[in-house]
2 protein chains.
Amino acid sequence: MEKNIVDILKKNQLSITDSRKKILSLFVQSNGALAHADIEHQSGTEFDRVTIYRTLQTFVDKGIIHTIPTTDNSVRYALCKDDCSAGHHHDDHVHFMCDNCGTTYCLDHITVPAVKLPKGFKVTQTDVVVSGVCNNCNN
Amino acid sequence: MEKNIVDILKKNQLSITDSRKKILSLFVQSNGALAHADIEHQSGTEFDRVTIYRTLQTFVDKGIIHTIPTTDNSVRYALCKDDCSAGHHHDDHVHFMCDNCGTTYCLDHITVPAVKLPKGFKVTQTDVVVSGVCNNCNN
DNA sequence: AATGCAATGCAACGGCGTTGCAAAACAAAT
DNA sequence: ATTTGTTTTGCAACGCCGTTGCATTGCATT
């Protein structure tokens, strides 16, 4: 696992630092999306706020993580699939936000349905945000 | 037109004030969504920042406008259709954000495609955010 | 082990959204 | 039209979020 984390960083030509290893591992361990506050909380006082912001930005730039549009307009990040690269995200999958526990899931295997737009509109990206109750809370 | 604005306010049991008339008319005139900054800008120094925030919140509570999930996580508002009521939004339509001019359109007549979720997930709302170039910029 | 460069921590800043409170505006009834 | 009670507004202040500049530290390479 530790090895895996370092490999991802190396593959993206990033130097190996404690904060990058820690933050990236949080994403790998998590099944959902993380907000800045989640990371700050889960890493304790280990890293400065600013470092977390910059690390997240670096990961986005490199195509390691991506931001998610949310109904409450909070900023959340999730791991990209393998076919994402620097400046070239391919994350047209469905995101699910649980109204109960707040967890955000990336439903990778669900394909985004095609949306037919009026003439003259050119589509570059489609994001689907589904709200409801997740399978963990729905018991 | 002026009459129309007042009617909407009355129908929602809101007292008629200058700021509410002005802000509501901005939404009626606009073909797209508005951010707080847009409203503050278009109404000049006429109203306090706080009044705009509170007016928008009131409109959301009454079901007159709704917030839109955006890819850049900016907060934008748009008029609701007639079947929205207080605390009961029905805005499962498609939103389009133009990467060029920044305009956000509500494509009411486009139906949201059904998304099939894994077992245990209960859907209450589906938002589709499409990015690209609008028909106004695509010439 | 030394050197150059990149990343971090600290301090400070600006912007956004909220809250409390006094003043002003609205609605209803006389 | 005037009064009265309630709602709304404006002002001031606050806290939070995200960013920037700069000195220090840590990483990678030889």
Side-chain angles (χ1 to χ4, degrees), chain A residues 2-3 5-26 33-62 64-77 86 102, chain B residues 2-3 5-26 33-62 64-77 86 102:
Chain A
E2 167 73 19
K3 181 72 166 34
I5 300 292
V6 172
D7 282 347
I8 297 176
L9 292 175
K10 279 186 179 166
K11 196 194 308 176
N12 288 278
Q13 300 165 351
L14 293 173
S15 50
I16 315 299
T17 68
D18 289 346
S19 64
R20 286 177 182 166
K21 278 192 289 186
K22 176 68 177 179
I23 293 174
L24 183 51
S25 70
L26 287 178
L34 297 175
H36 179 274
D38 298 329
I39 295 166
E40 198 168 350
H41 190 254
Q42 289 182 40
S43 60
T45 57
E46 202 174 346
F47 307 112
D48 194 82
R49 280 190 325 124
V50 179
T51 300
I52 298 176
Y53 280 115
R54 288 198 266 231
T55 303
L56 289 171
Q57 188 55 53
T58 300
F59 286 175
V60 171
D61 290 342
K62 288 291 184 179
I64 302 174
I65 62 176
H66 62 279
T67 59
I68 296 175
T70 57
T71 50
D72 63 349
N73 288 288
S74 63
V75 181
R76 289 170 188 246
Y77 303 87
Chain B
E2 165 75 17
K3 181 72 165 32
I5 301 292
V6 172
D7 282 347
I8 296 176
L9 292 175
K10 279 186 180 168
K11 196 194 307 176
N12 287 280
Q13 299 166 351
L14 293 173
S15 50
I16 316 299
T17 68
D18 288 347
S19 64
R20 286 178 182 164
K21 278 191 289 187
K22 177 69 177 178
I23 293 174
L24 183 51
S25 70
L26 287 178
L34 298 175
H36 179 277
D38 298 327
I39 295 167
E40 198 168 352
H41 190 253
Q42 289 182 41
S43 59
T45 57
E46 201 173 348
F47 307 112
D48 194 84
R49 279 190 326 123
V50 179
T51 300
I52 298 175
Y53 280 116
R54 288 198 266 231
T55 302
L56 289 171
Q57 188 55 53
T58 301
F59 286 175
V60 171
D61 290 343
K62 288 292 185 179
I64 301 175
I65 61 177
H66 62 279
T67 58
I68 296 175
T70 57
T71 50
D72 63 350
N73 288 288
S74 64
V75 181
R76 290 170 187 247
Y77 302 87

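Lettering of chains follows the sequences in order, A, B, ..., and the numbering in each one begins at 1.
Atom CD in Glu40(A) sits about 13 Å away from atom C1' in dG9(C), given to the nearest Å. Separating the NZ atom of Lys62(A) from the C1' atom of dA6(C) is a distance of 12 Å, rounded to the nearest angstrom. Per the geometry, OH belonging to Tyr77(A) stands 11 Å off C1' belonging to dC17(D), to the nearest Å. At whole-Å resolution of the value, CD in Gln57(A) and C1' in dA6(C) are 17 Å apart. Atom CG in Asn73(B) sits about 12 Å away from atom P in dG17(C), given to the nearest Å. In this structure, Lys21(A) places its NZ atom 15 Å from P of dA7(C), rounding to the nearest Å.
Here the shortest heavy-atom pairing between Thr55(B) and Ser19(B) reads OG1-OG, 3.9 Å. The nearest pair of heavy atoms linking Ile5(B) to Lys21(B) is CG2-O, 3.7 Å. For Ile52(B) against Ser43(B), the heavy-atom pair with the smallest separation is CD1-OG, 4.2 Å. Contact between Arg20(A) and Phe59(A) at its shortest, heavy atoms only, is O-CZ, 3.8 Å. When all heavy atoms are compared, the tightest approach of Arg76(B) to Ala33(B) is CB-CB, 4.1 Å.
Put simply, Tyr53(B) has no side-chain N or O that comes within less than 4.0 Å of OP1 or OP2 on dT18(C).
Axis deviation across the helix from dA1(C)-dT30(D) to dT30(C)-dA1(D) amounts to 40°, comparing end segments of five pairs, rounded to 10 degrees.
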(request) Using a 4.0 Å heavy-atom cut-off, write out nucleotides 7-16 of chain D from 5' to 3' as B (base contacted by protein), S (sugar-phosphate only) or - (no contact). (result) -SBBBBB---

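Here Lys62(B) contributes atom NZ and Ile8(B) contributes atom CD1; the two are 14.0 Å apart, rounded to the nearest 0.5 Å. In this structure, CG on Asp48(A) lies 8.0 Å from CZ on Arg54(A), to the nearest 0.5 angstrom. To the nearest 0.5 angstrom, Ile23(A) atom CD1 is 10.0 Å from Glu40(A) atom CD.
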